[in-house]
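Position 1 is the first residue of the sequence, and the numbers go up from there.
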Amino acid sequence: LSFESFWGSDKIVTTYSLVEKGDGATTVALSENAYSSSQMRRYNYIFMSLPVLRSGTMKKLQKQLENLKNTIEGEGVNK
């Protein structure tokens, strides 16, 4: 499942990979790729993807998964 986001001429592709693990469990992996015509913004995207800064990304993934679950189950989106 992939989404493309645009900011001016920059593009960010967010991809969720879902793998069924059996017993009703599913593993979700998040990857983001950024494309920019600006060298500084390209470096910024790379910098923000470093493991030490990825805890924010993991929180974002958790929130998005909760919202997706709520949407599917008809409970609405949590803000």
Holding to side-chain hydrogen bond (donor to acceptor under 3.5 Å, both in side chains), I want the full list of residues that pass it with [X], two or more places apart in sequence or in another chain.
X: T26; answer: none
X: N44; answer: none
X: E4; answer: none
X: K60; answer: E32

- Message: Taking CZ in F47 as the centre, count heavy atoms belonging to other residues, nucleotides or ligands within less than 6.0 Å. Is the count above 12?
- Response: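 At most 12 heavy atoms, drawn from other residues, nucleotides or ligands, come within 6.0 Å of this atom.
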Within this structure, what is the [atom1]-[atom2] distance for the pair [X] and [Y], rounded to the nearest 0.5 Å?
X: Q64; Y: L68; atom1: CD; atom2: CG; value: 9.5 Å
X: Q39; Y: S37; atom1: CD; atom2: OG; value: 10.5 Å
X: T14; Y: N33; atom1: OG1; atom2: CG; value: 8.5 Å

- side-chain hydrogen bond (donor to acceptor under 3.5 Å, both in side chains) assessment of D10 paired with Y45: CA-CA 11 Å; D10 294 358; Y45 291 132; 3.1 Å; yes
Per-pair distances, 0.1 Å, donor-acceptor, side chain in residues 17-25, under 3.5 Å, sequence neighbours excluded:
none

- With sequence neighbours excluded, residues passing side-chain contact (heavy atoms from CB on, under 4.5 Å) with L65: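 Testing L65 for side-chain contact (heavy atoms from CB on, under 4.5 Å), a comparison that skips the adjacent residues, returns V28, L61.
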- Members besides V13 in its Ile/Leu/Val/Met/Phe/Trp/Tyr cluster (side-chain heavy atoms under 4.5 Å):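 Its cluster partners, ordered by chain and number, are Y35.
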- Task: State which residues pass salt bridge (charged side-chain N to carboxylate O under 4.0 Å, His left out) with R42; sequence neighbours excluded, sorted by chain then number.
- Result: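 In terms of salt bridge (charged side-chain N to carboxylate O under 4.0 Å, His left out), with neighbours along the sequence ignored, R42 is linked to no residue.
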